[in-house]
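These notes concern the structure reproduced below.
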Amino acid sequence: MHTDSLPVAGAGEPRLDWNRVSFSPGECPVKVAAATNGSLRSRGVVTSHGLRSLDSMARRDSHFTCQECGHVAPTWTGRCPGCGEWNTLVETLRRERGGARASGSRAPAGAPAPRPVPLREVQAPAVDRLDTGVAELDRVLGGGLVPGSLVLLGGSPGIGKSTLTGMALGGMSASGRRVLYISGEESAAQVKLRAERLGEHALAVPALAETSVEAILAVLEAERPEACVIDSIQTLHAEGMTGAPGSVGQVREAAGAVMEVAKRLGTAVVLVGHVTKDGGLAGPRVLEHLVDCVLLFEGERERSFRTLRALKNRFGATSEVGVFEMRSGGLVEVADPSARFVGEASEAAGSCVLCAMEGTRPLLVEVQALVAPTEIVPPRRVVTGIDRNRLAMVIAVLARHGGPSLASADVFVNVAGGVRVDEPGADLAVALALASAHRGEPLRGSGGKPLACFGEVGLTGELRFVAHPERRVAEALKFGLGPVLGPPAAEPIEGLGSVPSLRAAVAAVTRSGQHARRAA
Ligand code: TYD
Ligand code: MG
């Protein structure tokens, strides 16, 4: 390190005093100066997990705990001295024994052991859920926010998390609830600009721009809101911890502290969280265990449709999905998404309508496929809205059981409208769209309408039963798409054209397949 490149102390300038600074292994000193005249305020070291301020290191009341073996170390190191695992040390606050936040306190010696009670006798007071005024959000939550619960709302940047939470708080405030919006990412003025687009109710929400956990806890104690949004958990920092905001230790500490206060005050807290590039919620996995409910807000930023789904819900089903559309005045709930997606469906080759289930709700979406001769090896397999591995399986089964071989073709599959379908029931629609795209023949539904289908494709080419066939068929019939192609059901369903195998399905819908059948 070239110390001469550092600011040279002159008259009135801070002097470097290296003796007052110590470094632990894995840390690299940058522009470090312990000011002797008090004028240089910022001092720091860069570690592999962010910039640490030396000021706070001096009064640090945290240490580093290995997430694998529990070893406690005073400084951060890349490798745990206890178990030898890499990157497992996470900053944690030192806790006094029996301190305010210690959980699972031991009963004093001599006290009678607590008595377990049969669940039937446990007193469970009926709680009134908070109606957010955003019906789709309430449905995904299982009927509104539960007082005292902690909800984690994840989503990639710009998807509309702040908009959704702003609307929900506006709705609650309009129905006379005490609410609070805490923004760590934007200034109050920026929050106001958004609220202006969302309308009068959103403007009535009290807002605060704050990132200090201690300050936020104090505000919660003072204001005692019924519902509070913290946007986002990755911006908070706890006093006494040196990790950068968003680091595992900081996020966990902040969420734990907020949870404790929220449960005590009965405040429903929505923590907004970021999503990493690979789709996981940023921050520690432990956050997902800590909260009562994990919601994921998804969609393509360029498209206007957004889906909200629950990954975990202690107070309701995880199968519900809410569909929204981003408009200039905020998010608009799409009460009948099938109508939107089917309206866009075309009768071109490579298009097929899938009767999907989104939770307990049937949803019609258009699956589009394009098959083109490839110029590269291995050929491209590009998917949006379905699982890539599922596509590979469908292509392989198609080649063996009555469909075309796509080994030398680029394959693109897209679920129109930016919707994501994560169920095996999508297999048949993908297979038929591919077969249709390969032959360049549109799929034949009845009465000039697009073909609707559903069903899981097995490795031996059979079509397998998927849940709620009757609801899927009923939804398709509602839009005049029928008969619907699907696997045989246990009981006859009106409007279902059942086919036992993928081979039979391909033969039933393509003209060339029908010629072959007639010739046979
Ligand atoms: P935002 O809620 O800030 O996203 P996040 O908090 O998830 O990062 O909003 C995202 C986008 O939505 C932003 O690019 C602007 C757009 N938007 C609208 O189209 N209409 C609106 O009424 C609002 C408030 C935002
Ligand atoms: Mg935001």
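All ligand and atom numbering here is 1-based and tracks the order in the structure.
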The answer for which part of Pro157 has a heavy atom under 4.0 Å from ligand 1 is backbone

(request) Determine yes or no for a side-chain-to-main-chain donor-acceptor pair under 3.5 angstrom, with Glu226 supplying the side chain and Arg177 the backbone. (result) no

Q. Are Asp231 and Ser183 close enough that a side-chain donor and a side-chain acceptor fall under 3.5 Å?
A. no

Under 4.0 Å between heavy atoms, the region of Lys161 that gets near ligand 1 turns out to be both

Would you say atom 14 (O) of ligand 1 has a protein heavy atom nearer than 4.0 Å?
no

Applying salt bridge (Lys or Arg N to Asp or Glu O under 4.0 Å) to Lys478 and not counting sequence neighbours gives Glu475

Residues, nucleotides or ligands: over 12 heavy atoms within 6.0 Å of Arg388 CZ:
no

Looking only at protein heavy atoms, what sits closest to atom 1 (P) of ligand 1 is Thr163 OG1, 3.5 Å

heavy-atom search around atom 6 (O) of ligand 1 in the protein gives Ser162 OG, 2.6 Å

- Glu214-His237 side chain donor-acceptor pair, cut-off 3.5 Å: no

Margin query: Does His468 have more than 12 heavy atoms from other residues, nucleotides or ligands lying within 6.0 Å of its NE2?
Written below: yes

When distances are taken from atom 22 (O) of ligand 1, the protein heavy atom at minimum range is Gly330 N, 2.6 Å

Can you check whether Met241's main-chain N or O pairs, donor with acceptor, with Ser62's side chain at less than 3.5 Å? no

So, Thr235 and Glu185: side-chain donor and acceptor under 3.5 Å apart, yes or no?
-> no

heavy-atom search around atom 3 (O) of ligand 1 in the protein gives Arg194 NH2, 2.9 Å

Residue, atom and distance of the protein heavy atom nearest atom 17 (N) of ligand 1 read Met326 SD, 3.8 Å

Please check this pair: side chain of Asp410 against backbone of Arg380, looking for a donor-acceptor N/O pair closer than 3.5 Å. yes

Checking Glu366 against Ser351: is there a side-chain donor and acceptor pair closer than 3.5 Å? yes

Atom 20 (N) of ligand 1 sits nearest the protein heavy atom Arg327 O, 2.7 Å

The protein heavy atom nearest to atom 10 (C) of ligand 1 is Gly158 O, 3.1 Å

Taking only non-hydrogen atoms of Ser328 and a 4.0 Å limit, the atoms of ligand 1 in range are 20 (N), 21 (C), 22 (O)

Checked the Mg ion (ligand 2): protein N, O or S atoms closer than 2.8 Å come out as Ser162 OG

Quick one: does atom 24 (C) of ligand 1 have a protein heavy atom under 4.0 Å from it? yes

Closest to atom 4 (O) of ligand 1 among protein heavy atoms sits Gly160 N, 3.1 Å

One pair to check against side chain to side chain donor-acceptor pair (under 3.5 Å): Thr242 and Glu91. What are the steps and the verdict?
CA-CA 8 Å; Thr242 53; Glu91 188 180 24; 2.9 Å; yes

Polar contact flag, side-chain donor to acceptor under 3.5 angstrom, Thr92-Glu253
no

Per-atom filter on ligand 1: closer than 4.0 angstrom to a heavy atom of Gly329 are 22 (O)

key: Flag, side chain of Glu325 to backbone of Arg306, donor-acceptor distance under 3.5 Å   = no

Problem set entry | Contact with ligand 1 for Glu185, non-hydrogen, under 4.0 angstrom | no

